[in-house]
Amino acid sequence: MSFVNVGTFDAGIIGGSQAPQGVAGVPAFDAAAVASGNAFLVSELEKRDPDIRKPLNNFTYPRDIVIDVGGGWADYASAMTVGYGMTGGAGEGAVQAGGANGIPVVQASLSKGVYKAHAFAAALRVMYWDMMRSNFVGRSLDALLTDGVRMGYDKHLDQNTYVGFEKYDTTGLINNPDAVETTVAQGAAGDTAWAKKTPQEILKDINSAISAVWEAANNDESAMPNHILLPYAQYTYLLNTPVSAEIVTRTTILDYIMENNVATKAGKGFFIGGTNWCKGAGTGQKDRMVVYNNDRRFVKMDELVPLTRAMTNPNATELCYDTGYAANVSEVQIFYPQTVAYFDGI
């Protein structure tokens with residue numbers, strides 16, 4: 001009996017999966033085996049698993065930003081802002097005396113913010129004989145490749161959401177140049193890292209961050225931060241570490257923070273989550289905590305045209321079917337930069 005080695009396909013940019021371990025090759029019977037009368041179809045001795053193991057991937061953008069859908073194939077997305085002014089101010093200047101012959105006048109100043117949009121495009125190709133083979137085995141090669149296009153699109157949106165594309169001069173939630181960035185305070189151990197801090201010191205870092213952003217927003221109740229992003233290492237540390245190592249308790253540091261932070265105490269919704277993009281995102285490649293208000297009034301992204309199967313065309317020269325997919329997406333739109341802040345060194 002001879003063995004034929006099976007090669008593995010690595011998708012590279014989008015993702016790849018390892019071949020199952022413990023199988024050196026697929027057995028193929030040679031002429032000697034056939035002559036012995038013991039030849040039979042190998043497939044008759046196989047138990048085929050109907051599941052196809054797809055690459056392991058992570059994307060969290062739908063959780064961390066509001067996405068408005070619709071708008072068409074635009075080059076830009078825009079948003080209007082307004083500022084108000086009153087003659088003499090809204091304090092003493094608005095007080096009127098008897099016989100006054102003039103009152104303060106309110107004026108409005110309108111401005112428009114413009115945000116870049118870009119087209120996403122990808123194609124898949126199914127060779128004619130591969131399509132015939134997939135029909136024979138009852139599996140859709142077109143559907144399999146479509147899943148690959150969708151995976152590529154999700155990874156594209158993930159990068160667009162968190163850091164943007166440097167080549168096209170766009171940024172995201174984690175690296176907006178207008179957001180304030182600072183380093184968290186040192187703990188009693190002389191280190192800023194949360195792994196070296198007490199639960200009380202970590203809570204103080206989070207409450208200080210929330211309070212600083214809220215103050216920058218003139219303490220507007222609607223602008224209080226409700227969303228915090230962390231690297232997965234810090235997030236799992238909060239999730240797994242008990243508040244006290246001396247007392248047997250099921251309360252973790254994350255439970256302690258979720259119950260005692262400023263936003264929760266103020267009756268606001270509050271979320272802490274992990275993402276790959278925060279690791280090393282700070283100045284000097286320090287780990288970064290991102291604090292912001294996850295509401296479309298403050299930050300959003302436009303999916304002007306959702307991922308669409310644009311066209312399918314038979315290609316007689318190459319003996320295949322080509323299918324093109326396209327979408328139109330805006331960069332992340334941060335309308336109030338003071339409602340986003342970065343805290344490094346955690």
Please round to the nearest 0.5 Å and tell me the distance separating atom CZ of Phe298 and atom CD of Gln333. 15.0 Å
Any side-chain donor paired with an acceptor under 3.5 Å for Asp142 and Ser140? no
Distance-only donor-acceptor check, side chains Glu331 and Asn160, under 3.5 Å: no
Thinking salt bridges, do Asp130 and Arg133 make one under a 4.0 Å N-O criterion? yes
Other residues, nucleotides, ligands: >12 heavy atoms within 6.0 Å of Asn219 CG: yes
If you measure only the distance, is there a donor-acceptor pair under 3.5 Å linking the side chains of Ser109 and Tyr84? no
Report, as yes or no, whether the 6.0 Å neighbourhood of atom CD on Gln200 holds more than 12 heavy atoms from other residues, nucleotides or ligands. yes
When you measure from the side chain of Asn240 to the backbone N and O of Thr236, does any donor-acceptor pair fall under 3.5 Å? yes
Looking at Glu201 and Thr198, would you say the former's side chain and the latter's main chain have a donor-acceptor pair under 3.5 Å? yes
Please check: side-chain N/O of Ser208 versus main-chain N/O of Lys204, any donor-acceptor pairing under 3.5 Å? yes
Evaluate whether atom CZ of Phe120 has more than 12 neighbouring non-hydrogen atoms of other residues, nucleotides or ligands under 6.0 angstrom away. yes
Taking only Lys NZ, Arg NE, NH1 and NH2, and the carboxylate oxygens of Asp or Glu, determine whether Lys268 and Glu221 approach each other closer than 4.0 Å. yes
Carefully, step by step, assess Gln234 and Asp287 under the rule side-chain hydrogen bond (donor to acceptor under 3.5 Å, both in side chains). CA-CA 9 Å; Gln234 284 80 350; Asp287 289 348; 2.9 Å; yes
Identify whether Leu157 and Ile334 are in the same connected component of the hydrophobic contact network (ILVMFWY, side-chain heavy atoms under 4.5 Å). yes
In one Ile/Leu/Val/Met/Phe/Trp/Tyr side-chain cluster, 4.5 Å: Val114, Met80: no
If only atom types and distance count, is the side chain of Thr339 paired as donor or acceptor with the main-chain N or O of Tyr336 below 3.5 Å? yes
Short question: side chain of Trp214, backbone of Ala223 - any donor-acceptor pair under 3.5 Å? no
Heavy atoms of Trp73 and Ala327 approach each other most closely as CZ3-O, 3.5 Å
Between Tyr76 and Tyr115, does the ring centre distance come in under 6.0 Å? no
Taking the side chain from Tyr162 and the backbone from Cys278, do they hold a donor-acceptor pair closer than 3.5 Å? no
Check: Arg288 side chain, Ile174 main-chain N or O, donor-acceptor pair, under 3.5 Å: yes
Any ion pair linking Lys197 and Asp205 (charged N to carboxylate O, less than 4.0 Å)? yes
Applying side-chain hydrogen bond (donor to acceptor under 3.5 Å, both in side chains), run through Thr146 and Tyr325 and close with a yes or a no. CA-CA 9 Å; Thr146 299; Tyr325 288 79; 3.0 Å; yes
Report yes if some heavy atom in the side chain of Tyr256 is under 4.5 Å from a heavy atom in the side chain of Ile202; otherwise report no. no
Whether His156 and Tyr153 hold their rings parallel, tilted or perpendicular, with breakpoints at 30° and 60°: parallel
Mind running side chain to side chain contact (heavy atoms under 4.5 Å, CB included) on Asn226 and Tyr292 for me, showing each step along the way? CA-CA 6 Å; Asn226 61 8; Tyr292 66 106; 5.7 Å; no
State whether the side chain of Asn261 and the backbone N or O of Met258 hold a donor-acceptor pair below 3.5 Å, judged by distance alone. yes
Can Trp277 and Asn175 be counted as having a side-chain donor-acceptor contact under 3.5 angstrom? no
Around Met127, counting heavy atoms of other residues, nucleotides and ligands shown, do more than 12 lie under 6.0 Å from its CE? yes
Looking only at side-chain N and O atoms, does Asp255 offer a donor or acceptor that is under 3.5 Å from a partner on Thr252? yes
Show your reasoning for whether side chain to side chain contact (heavy atoms under 4.5 Å, CB included) applies to Val290 and Phe343. CA-CA 7 Å; Val290 181; Phe343 298 86; over 6 Å; no
Applying side chain to side chain contact (heavy atoms under 4.5 Å, CB included) to Thr312 and Asp322, what does each step give before you reach the verdict? CA-CA 6 Å; Thr312 298; Asp322 293 329; over 6 Å; no
For residues Gly274 and Arg63, report the shortest heavy-atom separation together with the two atoms involved. O-NH2, 2.9 Å
If you round to the nearest 0.5 Å, how far is OH of Tyr237 from CG of Leu230? 13.0 Å
Test: Arg296 and Asp302 ion pair at under 4.0 Å: no
Restricting to non-hydrogen atoms, name the atom on Thr87 and the atom on Pro104 that form the minimum distance, rounded to 0.1 Å. O-CB, 3.4 Å
Please evaluate residues Met301 and Val66 with respect to the criterion side chain to side chain contact (heavy atoms under 4.5 Å, CB included), reporting the C-alpha separation (whole Å), side-chain torsions for both, the decisive distance (0.1 Å), and the verdict. CA-CA 6 Å; Met301 180 172 66; Val66 176; over 6 Å; no
Test item: Asn293 side-chain N/O and His227 main-chain N/O as donor-acceptor pair under 3.5 Å: no
Is there a donor-acceptor pair closer than 3.5 Å between any side-chain N or O of Lys116 and the backbone N or O of Tyr168? yes
Single-linkage hydrophobic cluster Leu229~Leu238, side-chain heavy atoms < 4.5 angstrom: no
